[in-house]
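Read the structure below first, then the notes.
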Amino acid sequence: MLIERTSGHIVIDIQGERQRFNVLGLHEFDSDRKRMSVILGCPDKTFKVFVKGADTTMFSVIDRRLNLDIIRATEAHIHAYSSLGLRTLVVGMRELSASEFEQWHSSFEAASTALIGRAALLRKVAGNIENNLIILGASGIEDKLQQGVPEAIESLRTAGIQVWVLTGDKQETAISIGYSSKLLTRKMTQIIINSSSKDSCRRSLEDAVLMSKKLTMFSGDTHTAGGSSGDGVTPVALIIDGSSLVYILDSELEEKLFDLASNCSVVLCCRVAPLQKAGIIALVKNRTADMTLAIGDGANDVSMIQMADVGVGISGQEGRQAVMASDFAMGQFRFLVPLLLVHGHWNYQRMGYMILYNFYRNAVFVLILFWYVLFTSFTLTTAITEWSSMLFSIIYTAVPTIVVGILDKDLSRRTLLTYPQLYGAGQRQECYNSKLFWLTMVDTLWQSLAVFFIPLFAYWGSTIDTSSIGDLWTLSVVILVNLHLAMDVIRWTWITHAAIWGSIIATWICVIVIDALPSLVGYWAVFEVAKTASFWLCLLAITIAAIVPRFVVKFLYQYYRPCDVQIAREAERFGNQSALCPVQIEMNAILDPPRR
């Protein structure tokens, strides 16, 4: 057994005797060959190369003329190990003569110092000595799932997230892990593709597509015959190995694979190389508008993580290569659930609303200036002072936007984790879509008309100057946009109260200070107009006329056509968690997004 290792040598305990071996060469794990080799200088002046790797690649370089019984026994053991869910490796060895070692050493030195094509040269040098190996045996290692992995995968699938597993393990090991992680179930129909040529891959894919369509048609007929939703559904699991993907990826068979995978509930790819993992991510990205997320914990997951739209690295015993290449880092796989279902939902809800609100608050102010320009026949004058125009987006309305965009939450963490279906709001684009955008623009147009024309008609024929009515427009639009935001705030805190109402107070203070400076245009204007009753009546009339239509539409929509998030919000508010029970209220189906 290995008892000591440094950069230049290792010490191995052999039958109670410590023997020192010099490490003369080391070739790390290769993504194409799936092997790792090391050359040791033994105490008896001989040289030996030890190679470990996957059985699919190791048996291709084993000398089958030697110890054929051991090879067959090892194959049987590997199959038994993988059926139990163990991760298997095969170990082989061969002796090198002094001339072979010198030739390899010179080639290795030249390849390692090459400036162009270094990786390809190193693979070639390693392949020259990784042949005619004597099999030493195989290992079966139990790699237990982390805590909460089955529950996490089940929550992700309940949320409508398509889960694909890409692993370098043997097929039997991958299937066993699939069952233990609740990715595979006994009710699923498994389609297994193990092909060794392009023609056989084509035939297997065509047969699999026909089978998946028949199962889908059978499920639809059962549902139409009177079965309840989901009673006749026959889930299909696609299991494909890396040897088949060699002939499928980057060929005309990619489209057939994608069509087949789209009809399957589960996709499990085993014995795949790191570059094949990235190829599968690219397959999905190029043919759908879906966002892809890749999560892994090892160096062989780096290509996949970098290819995906969102990369997540798990830091642990596999090193930090995946973490360094990722967008998010976490300690365990189960933390992916709160990242997506909780923080992902909150982020989408906030971003969707903030985009609409920022369009609204800026457009309503600009439209008031636009109506003034039209009414004055495109003169160069302006009723709103330059200071107020500049401070509108800096002081008057900026702080509430930031506070609500950071702190507001439509649902609690507990509710989002308990009911993963609520994640479907983002997939259905409920918080931001073209319909909501144009409805917001119509509301913005109406509010700008109310703000502009109510004071105009109220002071028609009076001697009030443009600076006074401009202050009225400024104050009314700031009050309006902050009340608009207050109507949509879900979780009130003291910070939210201070931001919204404080911004209105800050606007009054700024307008008073600006009009109190004799050097600025509109000196003492707000003090003159505030003396009249019409000023306060206009503020009240503008607020009512602009807000009431939106309030009525929002009330009718939420009362007669509530969405899942609104139902869950009401249940939280009144403590009626039974209203969320799937038996009583079935949540909206998560539809497949359209293909590009």
Side-chain angles (χ1 to χ4, degrees), residues 148 151-161 229-230 334-357 360 400-433 435-436 439-440 482-501 547 550-591:
E151 293 78 8
I153 292 179
E154 187 176 18
S155 296
L156 295 177
R157 295 185 60 195
T158 304
I161 299 174
S229 178
R334 61 190 176 96
F335 297 152
L336 182 64
V337 174
L339 176 66
L340 292 178
L341 304 190
V342 179
H343 298 284
H345 176 88
W346 286 343
N347 183 70
Y348 171 72
Q349 178 261 331
R350 294 163 179 165
M351 290 294 295
Y353 179 76
M354 280 297 115
I355 290 173
L356 293 175
Y357 176 73
Y360 154 75
T401 304
I402 297 173
V403 170
V404 174
I406 294 175
L407 299 181
D408 198 33
K409 301 176 183 178
D410 58 346
L411 292 170
S412 66
R413 177 189 180 94
R414 179 180 179 182
T415 300
L416 292 172
L417 291 177
T418 305
Y419 303 98
Q421 300 93 327
L422 295 170
Y423 185 78
Q427 296 167 309
R428 293 187 294 269
Q429 300 180 357
E430 291 181 357
C431 292
Y432 182 80
N433 52 57
K435 180 180 178 181
L436 282 176
L439 285 176
T440 302
N482 280 282
L483 288 177
H484 181 106
L485 180 62
M487 286 177 55
D488 297 328
V489 173
I490 301 168
R491 298 295 171 96
W492 284 93
T493 63
W494 69 268
I495 301 178
T496 309
H497 282 288
I500 293 178
W501 313 126
I547 292 293
R550 183 175 185 275
F551 178 80
V552 172
V553 172
K554 184 176 181 180
F555 171 79
L556 293 176
Y557 181 78
Q558 293 185 0
Y559 188 82
Y560 291 103
R561 296 186 61 184
C563 63
D564 294 341
V565 174
Q566 292 165 354
I567 295 173
R569 192 186 306 158
E570 291 297 318
E572 280 187 349
R573 181 178 303 173
F574 298 105
N576 184 16
Q577 293 294 332
S578 62
L580 294 175
C581 180
V583 177
Q584 299 182 20
I585 296 179
E586 182 178 355
M587 294 190 176
N588 294 325
I590 300 174
L591 303 177

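Values below: every heavy atom of this structure, side chains too, minus hydrogens, waters and symmetry copies. We number each residue from 1, following the sequence as shown.
Residues meeting the side-chain hydrogen bond (donor to acceptor under 3.5 Å, both in side chains) test with Ser155, sequence neighbours left out: none. Judged as a salt bridge (Lys or Arg N to Asp or Glu O under 4.0 Å), and not counting sequence neighbours, the contacts of Glu154 are Lys182. By the side chain to side chain contact (heavy atoms under 4.5 Å, CB included) test, Ile402 pairs with Ile406, sequence neighbours left out. Evaluation of the side-chain hydrogen bond (donor to acceptor under 3.5 Å, both in side chains) rule for Tyr432 yields no partner, not counting sequence neighbours. Qualifying side-chain hydrogen bond (donor to acceptor under 3.5 Å, both in side chains) partners for Arg350, counting only residues two or more places apart in sequence or in other chains: none. Residues satisfying the ring-ring contact (aromatic ring centres under 6.0 Å, His included) criterion with Tyr560, sequence neighbours excluded, are absent altogether. In terms of the side chain to side chain contact (heavy atoms under 4.5 Å, CB included) criterion, residue partners of Tyr353 (sequence neighbours excluded) are, by chain and number, Tyr357, His484, Leu485, Asp488. Taking Tyr557 as the reference, Arg561, Gln566 meet the side chain to side chain contact (heavy atoms under 4.5 Å, CB included) condition, with sequence neighbours excluded. Under the rule for a side chain to side chain contact (heavy atoms under 4.5 Å, CB included), the partners of Met351 that lie at least two apart in sequence or sit in another chain are Asn347.
Pairing each heavy atom of Gln427 with each of Ile161, the nearest pair is NE2-N, 4.3 Å. When all heavy atoms of Ala425 and Tyr348 are compared, the pair lying nearest together is O-CE2, 3.9 Å. Looking at every heavy atom in both residues, Gly148 comes nearest to Arg334 through O-CB, 4.0 Å. Closest non-hydrogen pair, Thr415 versus Ala568, comes out as CG2-CB, 4.2 Å.
Taking CG of Asp408 as the reference point, atom CD1 of Ile490 lies at 5.0 Å (rounded to 0.5 Å). If you take CD on Glu151 and CG on Leu417, they are separated by 13.0 Å, rounding to the nearest 0.5 Å. Atom CD1 of Ile567 and atom CD of Gln558 lie 11.0 Å apart (nearest 0.5 Å). Rounded to the nearest 0.5 angstrom, Tyr419 OH and Arg414 CZ are separated by 8.5 Å. Atoms OG1 and CD1, on Thr401 and Ile500 in that order, are 9.0 Å from each other to the nearest 0.5 Å. Between atom CD of residue Gln349 and atom CG of residue Leu416 there is a gap of 10.0 Å, rounded to the nearest 0.5 Å.
In this structure, Leu436 and Glu430 have side chains that are not in contact, with every pair of non-hydrogen atoms separated by 4.5 Å or more.
A 6.0 Å sphere centred on NZ of Lys409 holds no more than 12 heavy atoms belonging to other residues, nucleotides or ligands.
Evaluation of the salt bridge (charged side-chain N to carboxylate O under 4.0 Å, His left out) test over residues 489-501, restricted to residues two or more places apart or in two chains, returns Arg491-Glu572.
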Ignoring hydrogens and angles, write down the donor-acceptor pairs under 3.5 Å from the side chains of residues 339-346, residues two or more places apart or on other chains.
unit_1	atom_1	unit_2	atom_2	d
His345	NE2	Asp410	OD1	3.3
His345	NE2	Asp410	OD2	2.8
Trp346	NE1	Leu411	O	2.9

